[in-house]
Amino acid sequence: YFADEFPKWLHPAGKLFSFLFILTFLFLMMPYFLFKRKFPNSYKNLETDLISVWHSESSTIALDKLREIHSKIYEHSEKVMLGGFKIEPYGKFNFYDFERVCHLHYHWEIQHRFYNEAIGICDELLKPGIDSKDFSKAYADWIVNKARAIKLLNGQLAAKEYLLQHIDRNNEECRVNQYFQELKEASQV
C-alpha cells in the first residue's frame, strides 16, 4: 500500500521496503504471540473449568461457580479496570475478561431460565451510564440483552415499553432501534 506513495521510479524499491517492514514487524511480534499462546488468559481458564464442571457434575453447579466468580470480579471492579484482579486458580482478570464473564453469565442465566438474574446482570452493567444522552455500542448491546430477558419474563409488550425509554437517544442503525423494529414486525405478523 505504501509503494504507491513513492515516485514511479522507486516503486520496486518501495514494494521491497514495504515487504521488509511487514516481515520485520511480524518477526518482532512473534515472541508476543508465542507468549500469549503459551499462557492462556484467565477467561479461557475459567471457561474450561466451568465446561468441565458442567459435563462432570451438573449445569447448576457450574452456574453457581460462575455466579461466585462474577460477584468477586464485580466487587473488585475498580481493580479490574485499573489493571486486573487475580482470582486463583484462573489468573488475572482485566476489563475484557470481565466483559466476557458478564456475557457468559448472562447467557447461562437465560439458558437456565433465571430471567430476573439475567436482568440483574444487565442492570449492574447499565447503571454507570443511566443518565448519559449518548451511549456506546456495548451499552446498546446490554440494553438489547435486557429487553430480551424482559421479553422472556414478561412478554413482548413489556420489552417494547422498555426499549421505548432508550429509542430516542439512538440513530436508526443502532441495535436498540433494530431490535425494537424486530419486535414490532413480529407482533404485526
Side-chain angles (χ1 to χ4, degrees), residues 41-51 54 59-85 87 90-189:
N41 66 9
S42 54
Y43 174 76
K44 286 291 183 193
N45 293 337
L46 173 66
E47 186 180 39
T48 304
D49 183 44
L50 290 173
I51 289 172
W54 184 298
S59 63
T60 53
I61 293 173
L63 179 61
D64 289 339
K65 195 170 192 176
L66 179 59
R67 284 177 181 160
E68 180 184 332
I69 296 294
H70 180 258
S71 66
K72 279 183 186 176
I73 294 172
Y74 188 72
E75 286 173 16
H76 301 282
S77 59
E78 293 172 358
K79 291 180 183 176
V80 170
M81 299 303 168
L82 292 176
F85 176 68
I87 298 176
Y90 306 114
K92 198 177 225 183
F93 287 85
N94 59 23
F95 171 74
Y96 299 108
D97 295 327
F98 174 65
E99 183 75 19
R100 292 166 73 185
V101 167
C102 290
H103 276 285
L104 182 66
H105 188 193
Y106 169 81
H107 289 294
W108 280 20
E109 294 287 0
I110 293 289
Q111 189 173 7
H112 284 84
R113 298 177 189 228
F114 295 126
Y115 304 126
N116 287 325
E117 286 81 356
I119 291 170
I121 294 167
C122 296
D123 285 340
E124 74 184 21
L125 292 168
L126 292 171
K127 197 182 308 178
I130 205 156
D131 297 325
S132 173
K133 298 295 180 205
D134 298 319
F135 44 84
S136 67
K137 180 188 176 306
Y139 194 78
D141 288 345
W142 281 108
I143 289 172
V144 170
N145 286 340
K146 184 175 178 181
R148 286 188 176 128
I150 289 172
K151 177 185 169 194
L152 293 169
L153 182 65
N154 298 326
Q156 200 167 15
L157 184 60
K160 286 197 290 190
E161 288 174 5
Y162 171 73
L163 289 173
L164 280 173
Q165 300 169 11
H166 302 283
I167 209 156
D168 59 338
R169 297 191 236 170
N170 296 293
N171 58 19
E172 291 180 14
E173 297 174 5
C174 182
R175 295 220 32 224
V176 175
N177 284 356
Q178 290 173 354
Y179 188 63
F180 181 76
Q181 291 302 325
E182 286 176 29
L183 289 177
K184 212 165 128 181
E185 290 170 6
S187 65
Q188 292 175 353
V189 174

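These numbers come from a predicted model, not from an experiment.
Between I87 and K92, every side-chain heavy-atom pair lies at or beyond the 4.5 Å cut-off. A heavy-atom distance below 4.5 Å is found between the side chains of F114 and R67. Here the side chains of V176 and Y139 are not in contact, with every heavy-atom distance at 4.5 Å or above. Put simply, the side chain of Y43 reaches to within 4.5 Å of the side chain of L104, judged on heavy atoms.
Ring orientation note: the planes of Y90 and F93 are nearly perpendicular, at an angle over 60° on the 30°/60° scale.
Here the closest non-hydrogen pair linking A149 and I110 is CB-CD1, 3.9 Å.
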Using residues 73-81 as the side-chain source, report each donor-acceptor pair under 3.5 Å to any protein atom, sequence neighbours left out, with the distance given to one decimal.
residue : atom : partner : partner atom : Å
S77     : OG   : Y74     : O            : 3.4

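Residues satisfying the ring-ring contact (aromatic ring centres under 6.0 Å, His included) test with Y106, not counting sequence neighbours, are W142. Annotation: ring-ring contact (aromatic ring centres under 6.0 Å, His included) contacts of Y162 (sequence neighbours excluded): H166.
In summary, the side chains of H112 and T60 do not present any donor paired with an acceptor at a separation below 3.5 Å, with no hydrogens or angles considered.
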task = Take D49 and K65 through the test salt bridge (Lys or Arg N to Asp or Glu O under 4.0 Å) and record every step on the way to the result.
result = CA-CA 10 Å; D49 183 44; K65 195 170 192 176; 2.7 Å; yes
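With hydrogens and angles disregarded, no donor-acceptor distance shorter than 3.5 Å links the side chain of E109 to the backbone of Y115. Side-chain atoms of Y179 never come within 3.5 Å of backbone atoms of A147 as a donor-acceptor pair (strictly under, hydrogens ignored).
Using a 4.0 Å cut-off between charged side-chain N and carboxylate O, E124 and K127 make no salt bridge.
Atom-to-atom distance recorded for L63:CG and L50:CG is 9.0 Å, nearest 0.5 angstrom. Between H105 atom NE2 and L125 atom CG the span is 10.5 Å, to the nearest 0.5 Å. Rounding to the nearest 0.5 Å places CD1 of I121 at 12.5 Å from NZ of K146.
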